[in-house]
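Let me begin by presenting the structure, written as structure tokens, before commenting on it.
Side chains are part of it too, since the values below use all heavy atoms of this structure and drop only hydrogens, waters and symmetry mates. Just so it is clear: chains get the letters A, B, ... in the order the sequence lines come, proteins before strands, and each one is counted from 1.
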Amino acid sequence: MGPRSSTRGSSSSRPRPVGRRFFRRPTVEVARDLLGARLRVDGPAGHVEARLVETEAYLTDDPASHAFRGPTRRNRSMFGPPGTLYVFRIHQVVCANLVTRPGEAVLLRAGVVEGMPPGHARGPGRLARALGLTIADDGQGAVTGPRVRVLARPGPRPLTDVGPRVGIRRAAERPLRFAIRDEPAVSRPRPLTSAFSTRTRAGSRSRQSRTRRRPASGGGRSGGRIAGR
DNA sequence: CCTCGGATCAGCT
DNA sequence: GCTGATCCGAGGA
């Protein structure tokens, strides 16, 4: 049933891969311009493509960033050239970033994968897995590498919601999460755009208190206060 | 060496 | 909405 139209030369609006300049920009700009763009991963069984709908920025002055304390073996990809993939594993789950400037990157949080139901790739772990990305892709380039490309968003920048990032404790209040507005495949529609909410979260620290108890020695981190709440 | 805690997710109350 | 799974990197002693 597939009319094998190898006439790809006539494709008028075929998106083209972005170059390194795309990534060598302020990380927040890249995070926003990745919305609506597509990530293509070539594998043995063909290629998988996802339209990105949700991203997060991680910066150098950002205690939530894996690169905050400088290069280590694990995060060294974050100091690679713009467009480098930083793939890490947490709780046996793989997540993928694209490096912008040294020590900064954009976490790919959700997308709509071609041929899969919407919402299948909701969350960074699910997205990376749906794309077939593994820890072996860490350090590879999305510009010059063999496997991954970013295809520029064809149209104008979509309406974007901004809000706090998900799943972090430090710098949890910074509005560095971006998502396409009214996009059902976003992991959590609600907290976005509510950055101006006046609601205080006096009692919503259950997550924090749930984690392993800190020893009562001395009072914990110095200088790294999490906002003033 | 040991300890801590996590850029998550699935599953249960 | 909250908890456990599960393992490894990072950091301190």
Side-chain angles (χ1 to χ4, degrees), chain A residues 27-28 30-32 34-35 39 52-80 84-101 103-111 113 116-117 119-131 133-139 162-179 185-192 199 201-224 226-227:
Chain A
T27 303
V28 167
V30 177
R32 300 184 68 128
L34 281 172
L35 298 178
L39 193 80
L52 303 175
V53 301
E54 183 183 0
T55 60
E56 283 178 0
Y58 286 86
L59 311 177
T60 49
D61 66 335
D62 178 3
S65 170
H66 288 172
F68 181 60
R69 302 189 185 225
T72 66
R73 169 161 193 166
R74 179 204 201 189
N75 67 19
R76 61 186 172 187
S77 301
M78 284 190 73
F79 298 88
T84 298
L85 282 154
Y86 168 49
V87 182
F88 69 94
R89 190 171 48 191
I90 179 172
H91 286 66
Q92 198 72 354
V93 174
V94 165
C95 303
N97 302 250
L98 289 167
V99 174
T100 58
R101 289 168 167 178
E104 306 204 338
V106 176
L107 173 70
L108 311 177
R109 264 204 74 86
V113 183
M116 292 182 177
H120 182 81
R122 173 169 33 188
R126 296 194 190 111
L127 175 60
R129 194 165 77 163
L131 286 167
L133 293 172
T134 73
I135 205 72
D137 292 303
D138 179 47
V162 184
R165 296 170 291 184
V166 175
I168 56 171
R169 289 176 34 169
R170 335 239 306 184
E173 75 287 351
R174 298 187 72 172
L176 293 175
R177 174 169 168 242
F178 308 95
V186 168
S187 64
R188 279 177 88 192
R190 221 42 167 109
L192 290 163
R199 281 179 54 189
R201 312 213 156 76
S204 62
R205 306 175 58 166
S206 52
R207 184 82 189 176
Q208 186 169 346
S209 61
R210 179 175 72 72
T211 57
R212 199 179 295 236
R213 241 182 98 185
R214 256 189 325 200
S217 60
R221 43 198 128 279
S222 54
I226 303 174

Q: Scan Gln92(A) against the nucleic acid and name what it touches under 4.0 Å (heavy atoms): base, sugar-phosphate only, or nothing.
A: sugar-phosphate
Q | Any residue meeting side chain to side chain donor-acceptor pair (under 3.5 Å) with Thr100(A), in chain and number order, not counting sequence neighbours | A | Thr27(A)
(Q) Rounding to an integer number of Å, can you tell me how far Arg109(A) CZ sits from dC9(B) C1'? (A) 11 Å
Q. Counting heavy atoms not belonging to Arg129(A), are there more than 12 under 6.0 Å from its CZ?
A. no
Q) Which whole-number value in Å describes the distance from Arg169(A) CZ to dG5(B) C1'? A) 7 Å
Q | Length of the line joining Arg165(A):CZ and dT8(B):C1', which is rounded to integer Å | A | 16 Å
Q: Measure the distance from CG on Leu133(A) to C1' on dA7(B) and round it to the nearest whole Å.
A: 16 Å
Q | Residue-phosphate contact under 4.0 Å: His91(A) side-chain N/O, dA5(C) OP1/OP2 | A | no
Q | Strand DNA chain B as a dot-bracket string - pairs counted if Watson-Crick or G-U with both distances under 3.5 Å, | where the partner lies in another strand | A | ||||||.|||||.
Q: Side chain of Val166(A) only, please: which of dT8(B), dG5(B), dA7(B) is the nearest?
A: dT8(B)
Q) Would you find a donor on one side and an acceptor on the other, under 3.5 Å apart, between the side chain of Glu56(A) and the backbone of Val166(A)? A) yes
Q. Please give, in whole Å, the distance from dC9(B) C1' to His120(A) NE2?
A. 13 Å
Q. Looking only at atom C1', what distance separates dG5(B) and dT3(C), rounded to whole Å?
A. 16 Å
**Q.** Of Gly167(A) and Arg129(A), the one whose closest DNA chain B nucleotide lies more 5'
**A.** Gly167(A)
Q. Taking CG from Leu107(A) and P from dG6(B), how many angstroms apart are they, rounded to a whole number?
A. 16 Å
Kindly give the atom pairs (protein nitrogen or oxygen, nucleotide nitrogen or oxygen) under 3.5 Å for nucleotides 9-13 of chain C.
from	atom 1	to	atom 2	distance (Å)
dA10(C)	OP1	Thr72(A)	OG1	2.3
dA10(C)	OP1	Arg74(A)	N	3.3

Q: Starting at atom CD of Glu56(A), determine the distance to atom C1' of dT8(B), rounded to an integer number of angstrom.
A: 12 Å
Q | Non-neighbouring partners of Ala110(A) that pass side-chain contact (heavy atoms from CB on, under 4.5 Å), sequence neighbours left out | A | Val53(A), Glu54(A)
Q. What pair of heavy atoms forms the shortest contact from Tyr58(A) to Ser65(A), and how long is it?
A. CD2-CA, 3.9 Å
**Q.** Pairs touching residues 89-99 of chain A that satisfy side-chain hydrogen bond (donor to acceptor under 3.5 Å, both in side chains), sequence neighbours left out
**A.** none
Q | Results of side chain to side chain donor-acceptor pair (under 3.5 Å) for Thr60(A) - residues two or more places apart only | A | Glu104(A)
Q) side chain to side chain donor-acceptor pair (under 3.5 Å) with His66(A): which residues, sequence neighbours excluded? A) Tyr86(A)
(Q) Under the rule for salt bridge (charged side-chain N to carboxylate O under 4.0 Å, His left out), what residues qualify as partners of Arg174(A), not counting sequence neighbours? (A) Asp61(A)
Q. Could you state the CZ-C1' distance from Phe178(A) to dA7(B), rounded to the nearest angstrom?
A. 15 Å
**Q.** Among dC9(B), dT8(B), dA7(B), the nucleotide that comes nearest once only the side chain of Ile168(A) is considered
**A.** dA7(B)
**Q.** Residues that Asp137(A) engages under salt bridge (charged side-chain N to carboxylate O under 4.0 Å, His left out), provided they are two or more places apart
**A.** Arg147(A)
Q. dT8(B), dG6(B), dA7(B): which one has an atom nearest the side-chain heavy atoms of Phe88(A)?
A. dA7(B)
Q.
On the nucleotide dA7(B), are OP1 or OP2 found under 4.0 Å from the side-chain N or O atoms that Arg170(A) carries?
A. no
